[in-house]
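Read the structure below first, then the notes.
Since we're looking at a predicted model, the values are computed, not measured.
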Amino acid sequence: MSGAALYIQRDLKVSDVQIEILNGIINLYSPVGSFIAGRTSDWIGRRYTIVLAGAIFFVGAILMGFSPNYAFLMFGRFFAGVGIGFAFLIAPVYTSEISPSSSRGFLTSLPEVFLNGGILIGYISNYGFSKLALRLGWRLMLGVGAIPSILIGVAVLAMPESPRWLVAKGRLGEAKRVLYKISESEEEARLRLADIKDTAGIPQDCDDDVVLVSKQTHGHGVWRELFLHPTPAVRHIFIASLGIHFFAQATGIDAVVLYSPRIFEKAGIKSDNYRLLATVAVGFVKTVSILVATFFLDRAGRRVLLLCSVSGLILSLLTLGLSLTVVDHSQTTLNWAVGLSIAAVLSYVATFSIGSGPITWVYSSEIFPLRLRAQGVAIGAAVNRVTSGVIAMTFLSLQNAITIGGAFFLFAGVAAVAWIFHYTLLPETRGKTLEEIEKSFGNFCRKPKAEEGLDDNVEIQLKTRDQTLTSVD
């Protein structure tokens with residue numbers, strides 16, 4: 001939409017407000033898809049929910065590609081938005097449930113990798129299709145999205161079903177066969193199965209292929225446990241999930257991704273070609289940076305990468321706000337300010353992609369216990385998309401009200417609050433099984449790891465002293 005919006009506005013003669021709505025409304029539609037996907041994935045399984053998401057994407061892309069007017073284009077955006085809601089829920093849930101703990105961060109971040117790769121391909125195709133006739137170019141920019149939706153529908157047929165979903169449905173024999181295929185060793189497969197059986201309420205000595213499961217996970221009692229009577233751990237998990245999703249979008253990533261051509265225009269780049277090429281550079285940097293994050297998620301840990309990422313966002317947003325303010329108040333073109341604006345945008349997308357972008361989905365998908373995971377991730381995805389929609393639908397109006405530099409100063413302030421939230425409320429989850437992670441939550445003011453280790457040593461020393469005194473007596 002970033003490139004297509006330029007030509008839609010010229011072809012259909014629509015206003016800035018209509019473009020804002022067109023860009024942002026898809027994110028208000030997507031929570032509908034996420035809530036439906038949460039229940040659907042518990043009913044028909046994670047795998048066939050991915051097939052359904054691909055089908056909805058296909059319909060949305062075709063409708064947008066053949067749109068004769070603004071109203072029909074908005075109708076196509078509805079289907080695309082529902083498809084996005086399905087994908088944002090099911091991709092991290094499915095991947096986290098089939099991944100071994102040693103590589104879960106790497107594998108769960110892959111959807112974000114390919115999302116960024118898709119953005120880059122979209123930017124490049126925008127540049128290529130911009131050479132076509134006005135009425136044809138932007139329609140191809142949107143309609144070409146039907147191709148990957150077909151590919152995902154076919155590829156999913158070769159993928160296994162989630163073993164956790166199979167166990168929840170009592171299909172123990174199938175779950176065992178899947179675990180032996182996707183685990184690094186037979187011992188790991190047995191341990192993972194034991195953890196899942198314990199969570200599902202199945203006795204460890206039960207080895208039947210099909211069993212009756214007392215703890216069903218298709219939504220009964222989930223909303224009550226999340227909202228009305230949560231345990232301290234569930235309350236902490238829920239707040240952490242909502243917060244990480246809110247701040248991932250409230251720091252302005254969609255303003256940069258969707259409106260980067262306009263940002264570069266404000267920075268002093270007037271040519272359409274140069275603005276689209278600069279936007280391609282944004283997509284390239286974003287994709288390369290997400291690859292860096294993918295390889296460090298399971299090494300450095302979620303918490304360290306996230307805090308470093310948000311620190312980079314704060315610095316980049318302050319620099320971008322300052323440089324755009326200087327350009328806005330200058331009567332002549334200041335090459336250094338233009339260059340600094342471009343560098344700040346590239347720095348912003350890079351720091352977002354090494355932490356806040358991928359970790360949001362990795363973290364939120366792995367912290368919920370099995371019985372709450374689908375609905376919990378659905379709520380987080382809804383917060384993510386609604387926040388994204390609000391940013392996309394208000395950015396042009398915001399820049400007109402407080403200047404474009406002021407808008408990015410505002411995002412920098414939000415990023416500072418995000419850093420405090422992440423530091424205070426998000427414990428490390430690296431290397432833990434999904435069943436162990438719940439035990440890390442419940443204390444909102446966690447002691448630093450070193451301090452915890454110090455207290456543990458003191459406690460061990462006191463116990464040793466007491467045992468010694470007892471034996472002497």
Side-chain angles (χ1 to χ4, degrees), residues 31 34-43 45-46 49 85-101 104-105 107-109 111-112 162-168 192 195-196 198-201 215-248 297 302-303 306 358-385 421-422 425-444:
S34 292
F35 280 112
I36 296 172
R39 299 299 297 270
T40 303
S41 67
D42 281 342
W43 285 335
R46 313 319 194 198
T49 302
F86 266 76
F88 269 121
L89 174 110
I90 197 60
V93 168
Y94 174 82
T95 312
S96 69
E97 291 185 350
I98 66 168
S99 305
S101 58
R104 189 176 60 247
L107 294 173
T108 312
S109 66
E112 187 74 13
S162 161
R164 285 180 169 82
W165 181 82
L166 291 171
V167 171
R192 291 175 70 180
D195 284 339
I196 298 170
D198 183 60
T199 302
K215 294 183 179 180
Q216 292 295 326
T217 59
H218 40 77
H220 301 309
V222 168
W223 304 114
R224 185 182 299 109
E225 185 172 355
L226 281 173
F227 290 105
L228 299 180
H229 305 293
T231 64
V234 168
R235 185 184 300 112
H236 187 176
I237 288 170
F238 192 47
I239 292 173
S241 177
L242 296 185
I244 196 171
H245 275 289
F246 170 77
F247 285 117
L297 265 172
R302 285 61 155 155
R303 180 179 167 87
L306 187 60
I359 292 175
T360 293
W361 297 102
V362 172
Y363 198 88
S364 64
S365 66
E366 67 186 0
I367 60 177
F368 281 101
L370 176 62
R371 67 189 182 278
L372 307 175
R373 186 166 300 137
Q375 283 77 15
V377 174
I379 295 170
V383 170
N384 185 290
R385 294 297 85 202
F421 177 89
H422 298 334
L425 294 178
L426 304 189
E428 182 58 73
T429 58
R430 179 187 59 163
K432 298 178 181 179
T433 67
L434 295 177
E435 283 67 33
E436 291 172 341
I437 287 174
E438 186 178 358
K439 300 175 184 177
S440 301
F441 288 84
N443 292 321
F444 285 85

**Report entry** Intermediate values then yes/no, side-chain contact (heavy atoms from CB on, under 4.5 Å), Asn384 and Trp361
**Finding:** CA-CA 10 Å; Asn384 185 290; Trp361 297 102; 3.5 Å; yes

Requested in this report: Take Ile379 and Ser241 through the test side-chain contact (heavy atoms from CB on, under 4.5 Å) and record every step on the way to the result.
Outcome: CA-CA 9 Å; Ile379 295 170; Ser241 177; over 6 Å; no

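For the pair Arg46 (side chain) and Thr95 (backbone), a donor-acceptor distance under 3.5 Å is absent. In this structure, the side chain of Glu97 does not engage the main chain of Pro163 through any donor-acceptor pair within 3.5 Å.
Ile239 approaches Leu425 most closely through the heavy-atom pair CG2-CD1, 4.2 Å. A pairwise comparison of heavy atoms in Ser162 and Tyr94 identifies N-CE1, 4.1 Å as the closest pair. The two residues Arg302 and Thr429 make their nearest non-hydrogen contact at NE-OG1, 3.4 Å. Here the closest heavy-atom approach between residue Ile237 and residue Phe441 is recorded as CG1-CG, 3.5 Å. Looking at every heavy atom in both residues, Val377 comes nearest to Ser364 through CG2-O, 3.7 Å. Shown here for Ser41 and Trp165, the closest heavy-atom pair between the two residues is O-NE1, 3.2 Å.
To the nearest 0.5 angstrom, His245 atom NE2 is 12.0 Å from Tyr363 atom OH. In this structure, the separation between OG1 on Thr231 and NE2 on His236 is 11.5 Å, given to the nearest 0.5 Å. The distance from the CZ atom of Arg192 to the CG atom of Asp195 is 9.5 Å, given to the nearest 0.5 Å. Interatomic distance, CG of Leu426 versus CD1 of Ile359, reported as 10.0 Å (0.5 Å rounding). We find the CZ-CZ distance between Phe86 and Phe35 to be 13.0 Å, quoted to the nearest 0.5 Å. A distance of 12.5 Å separates OG1 in Thr360 from CZ in Phe246, rounded to the nearest 0.5 Å.
Ring geometry for Phe421 versus Phe247: interplanar angle of 30 to 60°, hence tilted.
Side-chain atoms of Thr49 and Leu89, non-hydrogen and from C-beta on, never get closer than 4.5 Å to each other.
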